2 protein chains.
Amino acid sequence: MKSPQVAFSEYLANENLKMTPQRRLILETMLKQGDHVSSEELYARVKKKDPSIGQATVYRTLKLLSDSGLVEPLDFADGVTRYEPSYGKEHHDHLICEKCGKNIEILDAIIEHRQEAIAKEHGFTLNSHKMYLYGICSDCRKE
Amino acid sequence: MKSPQVAFSEYLANENLKMTPQRRLILETMLKQGDHVSSEELYARVKKKDPSIGQATVYRTLKLLSDSGLVEPLDFADGVTRYEPSYGKEHHDHLICEKCGKNIEILDAIIEHRQEAIAKEHGFTLNSHKMYLYGICSDCRKE
DNA sequence: GTCGTTTTGACATTGAATTTCGTTGATACC
DNA sequence: GGTATCAACGAAATTCAATGTCAAAACGAC
């Protein structure tokens with residue numbers, strides 16, 4: 001499988017866009033960071049490596065990464081959009097503790113299968129889905 | 001079953017809040033409107049009946065209705081929060097056409113059951129969930 | 001090098017949602 | 001009735017994430 005960097009370069013070339021040091025740095029930082037970063041958080045992190053970078057560039061690049069399928073926007077209903085690297089990773093959904101924010105990645109074959117079936121029943125071809133489960137984790141329940 | 005109006009009054013009384021003509025009007029309008037209204041749309045609708053009403057009141061009342069469980073906030077990822085009456089209605093999720101915006105309400109016992117099971121496996125008590133399926137409907141696929 | 005295009009960073013702007021604040025209005029108590 | 005209390009109101013200001021604007025800089029093609 002191609003590296004994310006190569007995949008991104010190819011996507012950019014395909015759209016007549018260019019790979020730049022800023023875009024490279026943002027992608028690197030995103031991959032290293034891993035999971036569930038907001039644009040603001042990523043901006044702070046990127047700025048440590050290159051203080052001259054602007055946050056508009058971070059927003060713009062995240063949009064590109066999102067369009068190219070390398071990262072996926074998440075919506076935990078706390079007002080900010082978060083992102084996670086999705087390239088080469090299996091799809092998964094999220095189980096979130098409403099108290100401490102703990103975030104568990106879940107994947108369930110039965111549900112995935114039913115989703116396809118439901119879409120088909122209604123004549124839809126399914127492109128994607130979002131599923132978030134909200135509850136209280138065992139740690140928080142103890143208190 | 002209690003009427004929504006009564007249920008709302010009781011909720012307000014319980015929180016040491018009061019039923020007011022504005023809150024009553026907003027609830028009425030919400031119930032009559034039915035499905036998937038944004039705060040702005042609801043504000044416009046309410047304003048026709050009572051032009052003196054302010055949109056802060058609509059936001060505030062929607063929050064109250066949401067907290068009381070009478071309406072449910074929806075997130076179709078288009079930047080605005082929409083609401084639908086949920087009191088006395090069975091829970092359901094949404095199947096959305098990405099092209100024409102068609103919105104089908106779905107309910108699947110298998111999925112609901114699995115969601116509970118998954119939460120339990122991870123030690124969570126499930127409070128709520130959101131599931132959105134995105135695809136293309138048969139009408140749009142023909143074109 | 002020069003031209004044309006894209007990208008960038010600083011800054012301004014948008015737009016949904018919330019907060020502030022002075023006023024209004026209802027309720028309770030005398 | 002009078003008035004003190006306190007929530008609720010409307011208008012306007014404010015917040016904050018996200019996007020748009022624009023001149024300058026970087027890059028590639030020639």
Side-chain angles (χ1 to χ4, degrees), chain A residues 8-30 36-68 71-84, chain B residues 5 8-30 36-68 71-83:
Chain A
F8 191 38
S9 289
E10 287 181 3
Y11 170 80
L12 292 173
N14 209 45
E15 300 281 324
N16 285 321
L17 302 172
K18 293 164 192 168
M19 179 56 97
T20 66
Q22 289 90 340
R23 286 175 181 167
R24 201 185 316 271
L25 174 59
I26 291 167
L27 173 57
E28 292 291 344
T29 310
M30 182 75 209
H36 313 155
V37 210
S38 70
S39 181
E40 295 290 324
E41 287 162 4
L42 188 60
Y43 172 55
R45 216 161 258 270
V46 165
K47 217 173 165 60
K48 277 186 198 159
K49 294 253 177 165
D50 177 2
S52 75
I53 216 158
Q55 62 179 326
T57 303
V58 177
Y59 273 104
R60 284 186 284 235
T61 304
L62 276 173
K63 199 175 202 37
L64 289 174
L65 288 170
S66 184
D67 290 344
S68 71
V71 308
E72 197 169 341
L74 303 174
D75 172 29
F76 296 160
D78 62 347
V80 295
T81 304
R82 297 171 183 283
Y83 296 85
E84 70 178 5
Chain B
Q5 290 83 351
F8 191 37
S9 290
E10 287 179 3
Y11 170 79
L12 292 174
N14 209 45
E15 300 280 324
N16 285 324
L17 303 173
K18 293 163 191 168
M19 178 56 97
T20 66
Q22 290 89 342
R23 286 175 180 167
R24 201 187 314 272
L25 174 59
I26 290 167
L27 172 57
E28 292 291 344
T29 309
M30 182 75 209
H36 313 155
V37 211
S38 70
S39 180
E40 294 290 324
E41 286 162 7
L42 189 60
Y43 172 55
R45 218 163 257 268
V46 165
K47 218 174 165 59
K48 277 186 197 160
K49 293 253 178 163
D50 177 1
S52 75
I53 215 159
Q55 61 178 324
T57 302
V58 176
Y59 274 105
R60 282 187 282 235
T61 304
L62 276 173
K63 197 173 202 41
L64 289 173
L65 288 170
S66 184
D67 290 344
S68 71
V71 307
E72 196 169 341
L74 303 175
D75 172 30
F76 296 160
D78 62 347
V80 294
T81 304
R82 297 172 183 283
Y83 297 86

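The chains referred to below are lettered A, B, ... by the order of the sequence lines, with proteins before strands, and numbering in each begins at 1. Fair warning: this is a prediction, and the values are worked out from it, not measured in the lab.
The shortest side-chain heavy-atom distance between B:Thr20 and B:Thr57 does not fall under the 4.5 Å cut-off. Taking 4.5 Å as the limit, some side-chain heavy atom of B:Leu12 sits within range of a side-chain heavy atom of B:Arg23. A:Ile53 has its side chain within reach of A:Ile26: a pair of non-hydrogen atoms, C-beta onward, lies under 4.5 Å apart.
Relative to the side chain of B:Arg60, the nucleotides C:dT19, D:dA17, D:dA18 differ in distance, and C:dT19 lies closest. Residue A:Glu40 places its side chain closer to D:dA17 than to any other of C:dT20, C:dA16, D:dA17.
A donor-acceptor pair is defined here as one N or O able to donate and one able to accept, closer than 3.5 Å; no such pair exists between the side chain of B:Arg24 and the backbone of B:Gln5.
The CZ-P distance, from B:Arg82 to C:dA16, rounds to 11 Å in whole Å. A straight line from CG of B:Leu12 to C1' of D:dC9 spans 15 Å, rounded to a whole angstrom. Per the geometry, CG belonging to B:Leu62 stands 13 Å off C1' belonging to C:dA16, to the nearest Å. Atom CG of A:Leu64 is separated from atom C1' of D:dT19 by 14 Å (rounded to the nearest Å). The nearest whole Å value for the distance from the CG atom in A:Asp78 to the P atom in C:dT18 is 13 Å. Between A:Tyr43 atom OH and D:dA18 atom C1' the separation is 14 Å, expressed in whole Å. Remark: P of C:dT8 and CG of A:Asp50 are 11 Å apart, rounded to the nearest angstrom. One can place CG of A:Leu65 at 15 Å from P of D:dA18, the figure rounded to the nearest angstrom.
Checking the phosphate oxygens (OP1, OP2) of D:dA18, a side-chain nitrogen or oxygen of A:Tyr59 falls inside 4.0 Å.
Of the residues in residues 16-30 of chain B, those lying under 4.0 Å from DNA chain D by heavy-atom distance are B:Leu17, B:Lys18, B:Thr20, B:Gln22, B:Arg23.
Checking each of B:Glu41, B:Glu40, B:Lys47 against B:Tyr43 for a side chain to side chain donor-acceptor pair (under 3.5 Å) leaves exactly one that passes, namely B:Lys47.
How far OG1 of B:Thr61 is from CE of B:Met30: 12.0 Å, rounded to the nearest 0.5 Å. The OG atom of A:Ser39 sits 11.5 Å away from atom NZ of A:Lys63, with the distance rounded to the nearest 0.5 Å.
B:Ser38 comes within contact range of no nucleotide atom at all, as no heavy-atom separation falls under 4.0 Å.
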